[in-house]
Q: 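My questions will all concern the structure given below.
Every number for a ligand or one of its atoms is a count from 1 in the order of the listing. All residue numbers in this chain count up from 1 along the given sequence. Everything numeric here is computed off the predicted structure, so don't read it as measured data. Just the heavy atoms: all of them, side chains too, but no hydrogens, waters or symmetry mates, feed the values below.
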Amino acid sequence: MTDITKLEFNPLQDNFSKLELLETMPHYSGYINYNNGDVLSKIDATPVLAARVSTGSGLRGYQQDVKLLKYLWEQKHSSPFEQVQLKFYVKAPIFVARQWFRHRTMSFNEISARYTELKDEFYIPKDFRTQSKTLKQSEGGVLPENQQNAAKRLVESSNSNSYRAYKELIDMGVERGLARTVLPTNIYTEFIFSVNLRNLLHFVGLRSEVNAQWEIRQYSYSIEEILAFVCPEIYILYKG
Ligand SMILES: Cc1cc2nc3c(=O)[nH]c(=O)nc-3n(C[C@H](O)[C@H](O)[C@H](O)COP(=O)(O)OP(=O)(O)OC[C@H]3O[C@@H](n4cnc5c(N)ncnc54)[C@H](O)[C@@H]3O)c2cc1C
């Protein structure tokens, strides 16, 4: 049975961020029920069926099918994993979306800030991290407690100043596409993306790593939770 609560997440634990699994092919609630009572999700079964096209045979039993799945994974026989498709909805700060859009094997559609006014929805970190002294792309630690509020106030005032300027430009009649240029990259955007399972596993392989920025990592962890739920056998192989 599908537990729908596992398909929707609030990765940044605020009022705005969201990651939701919209649909999959095959459907994530489908299961193969073997004669001996064993069960395999249809997503886990898909690479097995795709690989067996080459020998003209189908599913053979839970043990044999999971064994083939493991063989495919270990041999990097990766194209059968491309037969699973997934589509997600994401609400994320623009700086996270920018990192996400670098993944060229995903198909995206994003809310247009030329057609619609962006909402007064900004990401404010719960804990401000410090810059690592050794690694240029990493966080060092957490800003001292007595500076956390000062950092938060700076971000809040930047948010309200830029959003006020945005609204004033729109009220003056400036086109939305130009008015948005005063907004910072911590404002929220929304997009959908579709991707095959092979490339999604590549994404989480990069974005769940500690050298990826903390914020995109939280989204990646949510995707991992979804994968652990909809294709547990493949997820076990991915985790090694
Ligand atoms: C921690 C981290 C830091 C980063 N820092 C920076 C940075 O400072 N500056 C920056 O510009 N980017 C940065 N990136 C982005 C990074 O360079 C990649 O663009 C991004 O991670 C997408 O990876 P990818 O190309 O493997 O994935 P995808 O674009 O999803 O592609 C998946 C795979 O398809 C193949 N592929 C796709 N397109 C091509 C192609 N045109 N030619 C050949 N093979 C292709 C490759 O095998 C690729 O691995 C960073 C990424 C990470 C994870």
Q: Protein heavy atoms: any of them under 4.0 Å from atom 47 (O) of ligand 1?
A: no
Q: Which residues pass the salt bridge (charged side-chain N to carboxylate O under 4.0 Å, His left out) test with Lys239, sequence neighbours left out?
A: Glu224
Q: So, for atom 16 (C) of ligand 1, does the protein have a heavy atom nearer than 4.0 Å?
A: no
Q: Measure up the Phe108 and Phe193 rings against each other and bin them: parallel (under 30°), tilted (30 to 60°), perpendicular (over 60°).
A: tilted
Q: Out of Gln99, Arg104, Arg207, Met106, who gets a non-hydrogen atom closest to atom 2 (C) of ligand 1?
A: Arg207
Q: Decide, yes or no, whether a salt bridge links Arg52 with Asp65 under the criterion of side-chain N to carboxylate O below 4.0 Å.
A: yes
Q: Verify the contact flag for atom 28 (P) of ligand 1, where contact means a protein heavy atom under 4.0 Å away.
A: yes
Q: Starting from atom 9 (N) of ligand 1, what is the nearest protein heavy atom, named by residue and atom, and what distance separates them?
A: Arg102 NH1, 4.4 Å
Q: Quick one: which of Arg129, Lys126, Arg98 gives a salt bridge (charged side-chain N to carboxylate O under 4.0 Å, His left out) with Glu215?
A: Arg129
Q: Which residues pass the side chain to side chain contact (heavy atoms under 4.5 Å, CB included) test with Thr185, sequence neighbours left out?
A: Ile94, Phe95
Q: Considering all protein heavy atoms, does one lie under 4.0 Å from atom 21 (O) of ligand 1?
A: yes
Q: Is atom 35 (C) of ligand 1 less than 4.0 angstrom from at least one protein heavy atom?
A: no
Q: Backbone or side chain, does any N or O of Asn211 fall under 3.5 Å from an N or O of ligand 1?
A: no
Q: Considering only non-hydrogen protein atoms, determine which one is nearest to atom 30 (O) of ligand 1 and report residue, atom name and distance to 0.1 Å.
A: Thr105 OG1, 3.2 Å
Q: Scan the protein's non-hydrogen atoms and note whether one is under 4.0 Å from atom 43 (C) of ligand 1.
A: no
Q: Taking atom 11 (O) of ligand 1 as the reference point, report whether a protein heavy atom occurs under 4.0 Å from it.
A: yes
Q: As a test of understanding, state which of Glu8, Lys18, Glu190 forms a side chain to side chain donor-acceptor pair (under 3.5 Å) with Tyr89.
A: Glu190
Q: Name the option, out of Glu209, Arg217, His202, that contains the heavy atom nearest to atom 24 (P) of ligand 1.
A: His202
Q: Evaluate side chain to side chain donor-acceptor pair (under 3.5 Å) for Glu233 paired with Tyr62, printing each intermediate quantity in order.
A: CA-CA 11 Å; Glu233 298 292 346; Tyr62 179 82; 2.5 Å; yes
Q: Measure the distance from atom 3 (C) of ligand 1 to every protein heavy atom, then report the residue, atom name and distance (to 0.1 Å) of the closest one.
A: Gln137 OE1, 3.4 Å
Q: Is atom CG of Asn146 surrounded by more than 12 heavy atoms (other residues, nucleotides or ligands) closer than 6.0 Å?
A: yes
Q: Would you say the side-chain atoms of Glu20 pair up with the backbone N or O of Leu7, donor to acceptor, closer than 3.5 Å?
A: no
Q: Starting from atom 23 (O) of ligand 1, which protein heavy atom do you reach first, and at what distance in Å?
A: Leu206 CD1, 3.6 Å
